[in-house]
Amino acid sequence: MKIHAIISFLCLASVALGTSCKDDETHFLQRSHDALSFPYLNSTKELLVLTNGSWKITPDDTWISCSPGEGNGAPKEQAVNITVAQNDGAERTGSVTLSDGLKELVIRVTQEDGFFTVGSPEIAPSFDLYEELVDKRVTIPYQKSKPGYKADVTATLEGAGAEGIAIESLSGYEMEAGDGAIPLALSGTPTKKGPITIKLHVEISSVATPYDLTAESRAKLAGEVTVTMFKLLPRLAVLDWGDYEKGTGTNFNNGTPRSFSFGLALEEEGDNLRNYTSKTADWLTASSMFFAHNRFAFGNLQPGTTYWFWIVAHELGPNKEDSDKTWFSFTTPEENLAPNVILYKDFDDFWFRGCPIYQAFGVEVTNAQIGANIDPDDPNCPAATGKIVNPVNSTDSFFNYVGSATDNRGPVKAAKLWEAWWEGDTYGTNYADADYPGWQGFWVRTQTGAALLSTASVSGYIKTPKLTGIGEGTADITVTCHTAPYFEPYHSWGQDHEQHYIQVEGPGTITDGGPTKAEPTGAATANTDKQVTVQCTTHVDSNKIPTTDYVNPTEHVVKIAGATKETRIVIAAHPYGTKHYRLWIDDIQVTKDR
């Protein structure tokens with residue numbers, strides 16, 4: 001703000017302080033700043049002086065100068081250039097004094113430190129084998145360089161990956177004043193994969209101490225993967241290592257096979273908990289669908305546990321070589337449910353077959369292996385090294401064989417699996433009893449992180465255990481679940497129907513069908529106080545592919561009054577007659593409201 005615009009205000013302030021406004025009107029001295037701040041380089045800033053008499057300005061420190069040093073009053077501000085010398089040391093504080101013979105006004109001057117620093121050298125994390133290095137370099141960042149600074153850099157390369165490449169050294173490189181970077185050009189063509197170590201000896205004129213710096217990179221095969229965490233839950237991890245472009249070959253192969261080995265361990269270079277290898281033309285087992293992501297799901301993990309994922313890509317480059325092993329660490333979060341949750345099932349303890357919700361591939365386990373009393377909690381079970389399958393492949397329904405003593409998928413021959421997946425240790429193992437209190441169903445096919453209800457032509461259901469968490473008497477409860485219609489990418493119809501039932505079996509009536517309540521279509525029966533039809537949101541576009549990079553389930557919320565410990569919740573497809581009523585289901589939760 002212009003000085004003369006505040007004189008009247010200053011006059012009022014002087015009255016408030018008990019000084020004479022008349023004196024100020026007779027003789028005044030004002031300045032535009034109480035303090036000035038400067039960068040470390042030699043620089044100048046302007047101070048405005050307003051007075052009706054003569055004035056002088058004097059630096060109180062040798063590194064500060066003022067020009068002009070004096071003047072006479074004028075009807076408008078007079079400019080004084082305050083200049084500081086270059087600072088080569090710590091931050092410093094000084095002042096200049098403005099006076100008119102009656103008053104002295106001190107203006108504080110600060111200047112930032114001028115310490116020159118060199119940062120860590122920067123280089124690309126990797127270079128592709130057999131590809132000439134063009135416009136590639138190592139850069140050494142620096143801060144607060146001074147005019148005239150020059151750099152001498154001696155650079156050397158070490159490591160297996162350095163074979164075939166070179167790096168320049170520099171002599172008398174003129175650095176820019178301020179912040180910048182010293183560039184060192186790389187040249188040549190990497191001919192051997194492995195680590196690259198760059199060692200740099202840097203000497204700066206006017207800086208007494210030299211710098212010895214190191215940078216790391218590696219030469220790799222083109223096509224080696226970069227791993228990211230796509231989804232991490234307490235008992236489920238979905239790892240992603242890039243997209244796979246659809247081609248015209250068998251199962252949409254594009255000429256580059258999905259050929260990998262990978263696994264899971266509890267520490268880097270530790271023993272495998274699970275490990276898989278796929279060296280086929282593609283992971284897909286059917287030519288009617290295509291999945292665009294190199295993505296894999298690990299279920300049945302332990303909450304709050306650190307795991308190490310490793311991966312090797314096969315058949316890379318002109319010599320069809322294997323990549324180096326890439327490691328990726330992650331820690332699963334703890335699982336915390338609200339105290340009023342009396343039942344929760346998210347299917348994340350399942351880890352056979354693909355993961356349809358997150359469009360991730362999984363591992364196949366055969367019915368014969370299941371029938372050998374497979375234990376899903378044993379890291380050495382057959383599924384730990386099984387065949388990789390696409391996200392929508394699934395085994396036959398387990399509940400369909402609940403009464404069989406001979407079928408591989410029944411609770412007799414697959415007792416450990418049934419107990420682990422369907423909580424036999426909680427509800428007992430008398431699965432064939434019509435009043436069995438645990439989980440029941442028909443055409444329930446398990447996958448990693450989800451369950452698939454129904455076939456294309458036969459409707460199925462899943463029925464919760466009796467809600468024993470209610471205790472004695474009745475209670476109001478809230479049921480939530482996430483569901484989505486089945487789909488196969490590029491299939492002729494894209495996805496199955498978007499409606500299904502949520503039902504109450506036993507005591508209790510539906511008081512609120514929730515925001516997804518809908519009137520049933522097709523052969524479905526009408527809604528009642530024991531049954532509501534809910535509507536899923538479509539997640540498939542006109543090209544018969546998901547509109548997101550994962551299935552987008554719809555949350556359904558249903559309120560029920562008068563439930564008891566005998567009540568069950570049923571999630572069911574619409575009955576036979578409409579067909580195409582398969583649906584994915586996840587995150588079944590029941591809370592006791594009061």
Side-chain angles (χ1 to χ4, degrees), residues 289 345-347 356-357 359 391-392 394 397 399 440-447 449-464 477-489 491-505 508-548 550-560 567-590:
M289 51 189 139
K345 184 102 177 141
D346 61 6
F347 306 100
I357 299 298
Q359 290 302 285
V392 299
S394 59
S397 171
F399 287 108
Q440 299 182 16
F442 179 70
W443 279 114
V444 180
R445 291 180 283 177
T446 56
Q447 306 233 170
L452 174 63
L453 299 189
S454 308
T455 70
S457 57
V458 179
S459 62
Y461 66 88
I462 188 168
K463 185 185 300 185
T464 71
I477 60 173
T478 299
V479 177
T480 62
C481 64
H482 295 150
T483 63
Y486 175 91
F487 87 103
E488 294 179 6
H491 198 283
S492 59
W493 67 75
Q495 70 177 9
D496 284 15
H497 290 319
E498 299 164 20
Q499 290 186 336
H500 65 84
Y501 296 134
I502 296 178
Q503 302 166 331
V504 181
E505 181 180 287
T509 57
I510 296 172
T511 57
D512 184 351
T516 58
K517 177 182 178 181
E519 292 303 317
T521 60
T525 56
N527 294 331
T528 68
D529 62 1
K530 305 289 283 188
Q531 169 182 286
V532 64
T533 296
V534 293
Q535 178 79 34
C536 294
T537 302
T538 183
H539 55 269
V540 174
D541 67 17
S542 59
N543 293 317
K544 310 296 189 301
I545 59 176
T547 53
T548 64
Y550 59 95
V551 174
N552 187 20
T554 300
E555 182 177 74
H556 310 291
V557 181
V558 176
K559 299 284 188 178
I560 297 169
T567 301
R568 300 177 188 264
I569 306 302
V570 182
I571 300 170
H574 279 173
Y576 183 82
T578 58
K579 296 190 177 181
H580 301 167
Y581 20 63
R582 292 168 292 189
L583 64 134
W584 301 114
I585 183 167
D586 192 19
D587 300 319
I588 303 172
Q589 179 174 284
V590 180

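Scope of the values below: all heavy atoms of this structure, side chains included, with no hydrogens, waters or symmetry mates.
C481 places a side-chain heavy atom less than 4.5 Å from the side chain of I502. Counting heavy atoms from C-beta outward, V479 and H556 have side chains that stay 4.5 Å or more apart. In this structure, T509 and V504 have side chains that are not in contact, with every pair of non-hydrogen atoms separated by 4.5 Å or more. Inter-residue side-chain proximity for H500 and S459 is flagged as unmet; no heavy-atom pair is nearer than 4.5 Å. Counting heavy atoms from C-beta on, the side chains of W584 and L452 come closer than 4.5 Å.
The side chain to side chain donor-acceptor pair (under 3.5 Å) test with D496 singles out one residue from H574, R582, H580, and that residue is R582.
Of the possible polar contacts, one joining the Q499 side chain to the T521 backbone as a donor-acceptor pair under 3.5 Å is found. The closest donor-acceptor contact from the side chain of T537 to the backbone of T554 lies at 3.5 Å or more, if one exists at all. Counting only distance, with no hydrogens or angles, the side chain of Q531 and the backbone of A526 share a donor-acceptor pair below 3.5 Å. Of the possible polar contacts, one joining the Q447 side chain to the P391 backbone as a donor-acceptor pair under 3.5 Å is found. Looking at Y581, its side chain does come within 3.5 Å of a backbone N or O of S457 through a donor-acceptor pair.
The distance from atom CD of Q440 to atom OG1 of T464, rounded to the nearest 0.5 Å, is 9.5 Å. If you take OG1 on T483 and CD on Q535, they are separated by 10.0 Å, rounding to the nearest 0.5 Å. Atom CG of L583 and atom NE2 of H482 lie 14.0 Å apart (nearest 0.5 Å). Considering OG1 of T538 and CG of N552, their distance stands at 9.5 Å, rounded to 0.5 Å. In this structure, Q589 CD and T480 OG1 are separated by 4.5 Å, a value rounded to the nearest 0.5 Å. Atom CD1 of residue I462 and atom CZ of residue F347 lie 4.0 Å apart, to the nearest 0.5 angstrom.
The two residues A484 and V551 have their closest heavy-atom pair at CB-CG1, 3.4 Å. The shortest non-hydrogen separation linking P515 to V557 is CD-O, 4.3 Å. Minimum heavy-atom separation, Y501 to P575: OH-CD, 3.6 Å. L453 and I571 get closest at one heavy-atom pair: CD1-O, 3.5 Å. Among all heavy-atom pairs drawn from A572 and Y461, the shortest one is CB-CB, 3.7 Å. Of all the heavy atoms in A518 and N527, the pair that sits closest is O-ND2, 3.0 Å.
For E505, the salt bridge (Lys or Arg N to Asp or Glu O under 4.0 Å) partners two or more places apart in sequence, or in a different chain, are K463, R568. Listed by chain and residue number, W418, W422 satisfy the ring-ring contact (aromatic ring centres under 6.0 Å, His included) test with F399 (two or more places apart in sequence, or in another chain). Not counting sequence neighbours, the partners of D346 by the salt bridge (Lys or Arg N to Asp or Glu O under 4.0 Å) test are R235.
Counting heavy-atom neighbours within 6.0 Å of K517 NZ, excluding the residue itself, gives a total of 12 or less.
No side-chain donor-acceptor contact under 3.5 Å links T548 and H539.
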